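This is a predicted model, so every value here is computed, not measured. Note that ligands are numbered from 1 as they come in the structure, with each ligand's atoms numbered from 1 the same way. Basis for what follows: all heavy atoms, side chains included, without hydrogens, waters or symmetry-related copies.
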Amino acid sequence: MTRKYYTGPIIGVSFDADVCQHAAECVRGMPEVFNVSRRPWIDPGVADTPELAQKLRNVIGRCPSGALCVEER
Ligand code: SF4
């Protein structure tokens, strides 16, 4: 279905809500990026250093459903 894209300073994130299994790996892993009480709920803007961008890649890699993808520039 529809994949939404969220751009960031180093990497972006895309998300497909139809695929998400609500396992909350993302929210637990990096709550400053994935915050369901905020709109938009994904903000890659805080991952503005190479270290934080790598942490974000790792958190996205733990998404069990494939709903989240890293969008390299
Ligand atoms: S980790 Fe993936 S499957 Fe789990 S809530 Fe986040 S996007 Fe959905």
Side-chain angles (χ1 to χ4, degrees):
M1 227 286 295
T2 330
R3 181 162 283 276
K4 288 190 177 174
Y5 293 82
Y6 304 86
T7 56
I10 300 178
I11 62 170
V13 177
S14 68
F15 173 71
D16 187 335
D18 289 346
V19 176
C20 176
Q21 295 169 347
H22 307 288
E25 286 291 337
C26 52
V27 177
R28 270 198 298 271
M30 216 166 169
E32 62 273 43
V33 173
F34 302 99
N35 180 347
V36 292
S37 55
R38 183 189 59 204
R39 291 291 175 268
W41 79 279
I42 299 176
D43 179 12
V46 300
D48 58 358
T49 66
E51 293 76 18
L52 287 171
Q54 188 54 46
K55 182 179 177 188
L56 180 53
R57 285 187 192 93
N58 294 341
V59 169
I60 290 171
R62 292 201 295 271
C63 172
S65 66
L68 290 173
C69 289
V70 175
E71 302 294 333
E72 298 286 353
R73 297 173 155 238

Test item: F15 and L68 side chains (from C-beta on) under 4.5 Å apart, heavy atoms: yes
Minimum side-chain heavy-atom gap C26-W41 below 4.5 Å: yes
Side chains of C69 and R3 in contact at under 4.5 Å (non-hydrogen atoms): yes
Within-4.5 Å side-chain heavy-atom neighbours: R28 and R62: no
Closer than 2.8 Å to atom 2 (Fe) of ligand 1 - protein N, O or S atoms, ordered by chain and residue number: C63 SG
Minimum side-chain heavy-atom gap M30-L52 below 4.5 Å: yes
Part of F15 within contact of ligand 1 (heavy atoms, under 4.0 Å): side chain
Step-by-step side chain to side chain contact (heavy atoms under 4.5 Å, CB included) determination, V59 to F34: CA-CA 10 Å; V59 169; F34 302 99; 4.1 Å; yes
